[in-house]
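Computed over heavy atoms, backbone and side chain alike; hydrogens, waters and symmetry mates excluded. Convention: sequence-line order gives letters A, B, ...; per-chain numbering from 1.
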Amino acid sequence: MSFQEGIALLIVGVAAGFIFRKFYLQYLALPLSNFFLRKGKVALAMRVRASAKKSGCSDDCSCD
Amino acid sequence: MSDIHFSPRLALAGNPNCGKTALFNSLTGGRQKVGNYPGVTVEKKEGIILRDDGVVVRILDLPGTYSLDAKTPDEMIARDVLMGKVEGEDRPDVILAVADANSLERNLGLVLEMKALGYPIVLALNMMDLAHERGAEIDLTVLSSELGIPVFPTVAIKKEGVATLLTQAIEAAKGNPGQNPVSIEWHPPTIKEVQDRFKRVDEILLASVKKSARPLIWSEKLDRIVLHPVWGSVILVTVLAVVFQAIFIWATAPADLIKDGIEALGNFVGSAMGPGPLNSLLVDGVIKGVGSVLVFLPQILLLFFFLLLLEDTGYMARAAFLMDRVMGKVGLHGRAFIPLLSSFACAIPGIMATRTIENKRDRLTTILVAPLMTCSARLPVYSLLIAAFIPNSSVWGPIRLQGLVMLLLYFGGAAAALGMAWIFKRTLLKGAKPPLMLELPTYKIPSWRSILYGLRERAWIFIRRAGTVILAITIILWFVASYPKAPEGASEPPIHYSYAGRVGHAIEPVLKPLGFDWRIGIAFIPGFAAREVMISALATVYSIEGKDDEATAGALTDVLKSQWSVATALSLMVWYILACQCLSTLAVTRRETNSWRWPAFMLAYMTVLAYGASFITYSVARMMGLG
């Protein structure tokens with residue numbers, strides 16, 4: 001693997017991580033929190049929910 | 001109490017259209033849009049002011065409401081915040097009531113209701129300049145003593161009286177530190193109570209208003225034309241035609257500048273480093289991909305400039321009134337016009353704005369059809385296809401064909417939305433159409449500050465999207481379009497052997513009847529995250545392929561012109577009008593309907609509709625020799 005290729009793949013990794021995190025916060029965190037709540041794991045559910053609250057779609061067409 | 005730790009919480013409350021949001025902007029320098037029609041403020045907005053004396057003031061902009069006896073979800077939010085019934089929301093220390101000085105008889109009822117809650121209240125008598133122009137004479141001292149609360153004149157859009165108002169509100173909070181009512185007893189008013197309130201308003205007005213504001217004769221005369229069924233419709237169509245012509249003509253020069261800048265950057269980066277994967281990622285992926293989206297920033301800003309201008313002048317509410325007749329014919333409630341209009345910017349605020357609709361079935365119908373309205377994310381896609389396939393010839397005088405086609409695409413989306421609403425209201429969501437009650441605001445000279453705030457906000461949103469989601473997806477797309485590498489002695493360009501190429505080829509049979517090849521198939525998938533990504537994806541795919549293929553190298557517009565038939569372009573335009581390619585829209589629908597059933601239904605019906613219409617378009621275009 002060349003130096004250029006290594007850097008390029010590193011950038012791809014960071015981008016993939018960013019997208020995954022965004023997807024998780026926006027679409028997965030709340031259902032996951034509800035799931036934990038149903039299972040009785042309240043502390044875990046609250047922790048997941050707190051992370052989800054940092055994100056979400058706002059009324060300006062942006063989803064953080 | 002030390003002022004450094006003193007942080008009063010003010011709640012701005014008042015009737016819709018009394019200039020509450022303009023006052024909020026003046027107080028906070030906030031970036032919230034100023035609405036001119038009722039119900040624009042659906043969400044709670046909060047601003048923070050850090051004063052020179054160290055006091056941090058938190059201001060809450062509550063949705064407009066005519067009474068605490070709330071009927072719609074947004075009015076309920078306003079009432080519940082004041083009652084302290086919203087989870088995680090502290091009660092305000094002071095209510096900053098806002099009333100339009102030109103229509104006190106309507107505004108004071110709510111002030112009396114709020115006063116009965118027991119909070120300290122400061123009243124801002126807004127739009128005083130207009131009231132003076134119209135000859136109104138109000139004795140503020142008498143009004144203040146009759147109401148039993150301090151009253152201050154303001155002209156929010158000119159920031160007149162705003163500083164004094166804020167100081168007085170802070171003083172009122174100081175006099176009442178943490179002593180806001182602990183428990184609020186409130187019940188829906190009886191008819192007798194409402195009658196008594198109106199009677200009290202009459203008494204107050206009799207004592208304090210020496211001369212009422214004259215009716216605006218010119219405004220009424222203008223409305224006779226603007227709201228006329230025939231002339232009003234002609235004006236509406238003309239306004240829209242001018243907007244879309246201007247979007248194309250005025251945006252050309254700045255868009256070309258951005259395009260040249262991006263090309264120069266690509267050439268510089270490409271020549272500064274040796275060939276290799278990083279060079280390809282930066283040039284083919286990042287610069288060409290994201291740059292191809294950024295080019296459309298001037299058009300997006302022009303679209304919002306006109307939307308904000310029409311809203312600020314008071315024309316938008318007139319357009320809503322005119323459209324009520326059309327909306328009524330398909331069974332939609334008149335209030336649905338504002339959510340549908342908001343969907344021209346983005347379906348997300350449009351769907352959220354349906355909270356102003358009381359009836360559940362009407363609200364659901366509006367939610368289901370809102371994504372059919374042409375959102376601003378579709379604008380870059382339309383612009384690209386129009387620039388590539390529609391000649392920029394003159395149709396009639398200054399009217400050019402490209403602008404006309406853009407207008408038709410917007411009309412197409414609106415017609416599809418109304419058509420589907422007609423079907424839903426006669427099948428799934430049957431119900432009678434209630435009458436529209438719409439308050440027409442007075443015509444106003446637009447507030448340029450407010451428009452600039454709005455444009456700055458839109459520019460930031462667009463650039464942020466391009467620099468985050470679109471950039472990240474483009475990088476990932478570059479990877480899946482470049483790996484795995486082509487085998488030794490491969491005859492096709494490397495992208496054919498990549499993950500993206502394989503997926504594109506796998507779904508090609510499904511898309512072939514619509515005239516779409518595997519490259520468009522690749523671009524569809526990331527397009528779900530943001531519609532504009534379709535462009536960056538196409539730019540990246542063609543750029544990577546173009547390394548080994550002259551036919552797919554060069555500017556995206558030229559590439560599409562040489563690679564696609566007109567039938568394919570038309571089919572893709574129709575697809576983009578009708579398809580629900582937006583994950584965020586589905587997520588917000590889930591949130592608003594509290595069920596996965598409706599977003600699933602939305603995705604299904606829109607996909608079937610888009611597929612069928614694109615297939616018909618492609619087939620007819622081919623029969624006409626355009627394929």
Side-chain angles (χ1 to χ4, degrees), chain A, chain B residues 31-33 41-43 45 88 273-282 285-286 342-343 345-353 375-377 454 457-458 460-462 464-465 468-469 471-480 482-483 485 526 529-530 582-588 590-591 596:
Chain A
M1 187 190 289
S2 68
F3 175 72
Q4 270 209 21
E5 193 165 21
I7 298 287
L9 292 181
L10 190 69
I11 295 172
V12 171
V14 171
F18 172 80
I19 288 293
F20 176 77
R21 182 178 172 276
K22 211 167 171 56
F23 187 80
Y24 164 76
L25 291 177
Q26 205 172 317
Y27 303 111
L28 300 181
L30 271 180
L32 198 64
S33 163
N34 291 337
F35 171 77
F36 286 136
L37 209 56
R38 277 199 301 273
K39 294 278 169 195
K41 296 177 178 172
V42 179
L44 191 58
M46 289 302 115
R47 220 164 61 206
V48 173
R49 186 171 286 256
S51 72
K53 275 197 172 169
K54 291 175 196 157
S55 161
C57 293
S58 68
D59 63 347
D60 61 6
C61 195
S62 59
C63 299
D64 292 320
Chain B
R31 285 172 279 171
Q32 191 189 350
K33 189 169 61 169
T41 317
V42 172
E43 284 288 84
K45 304 270 179 186
M273 62 168 62
L278 186 59
N279 183 316
S280 172
L281 169 65
L282 294 179
V286 174
S342 304
S343 300
C346 174
I348 291 171
I351 288 170
M352 285 161 78
C375 65
S376 59
E457 191 179 16
R458 295 315 309 187
W460 172 236
I461 289 166
F462 187 75
R464 196 176 60 182
R465 266 162 79 92
T468 53
V469 176
L471 173 67
I473 292 173
T474 307
I475 290 170
I476 294 166
L477 192 78
W478 171 85
F479 173 75
V480 295
S482 305
Y483 290 87
K485 290 173 181 168
C582 182
L583 219 50
S584 300
T585 299
L586 294 171
V588 82
R590 151 79 182 86
R591 201 175 68 186
W596 277 112

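- Remark: the backbone N or O of Gly276(B) is not paired with any side-chain donor or acceptor of Ser280(B) at under 3.5 angstrom.
- With a 4.5 Å cut-off on side-chain heavy atoms, Tyr24(A) and Val48(A) count as touching.
- Listed here is the closest heavy atom pair of Asn279(B) and Gly274(B): ND2-O, 3.3 Å.
- For the options Leu471(B), Thr585(B), Thr468(B), heavy-atom pairs under 4.5 Å to chain A are most numerous at Thr468(B).
- For a residue to count as touching a neighbouring chain, one of its non-hydrogen atoms must lie under 4.5 Å from one of that chain's; by this rule Leu281(B) touches chain A with the side chain only.
- If you measure heavy-atom distances from Leu583(B) to chain A, the contacts under 4.5 Å come from both the backbone and the side chain.
- Looking at Phe3(A), there are no atoms closer than 4.5 Å to chain B (heavy atoms on both sides), in backbone or side chain.
- Using a 4.0 Å cut-off between charged nitrogen and carboxylate oxygen, Glu5(A) and Lys485(B) count as a salt-bridge pair.
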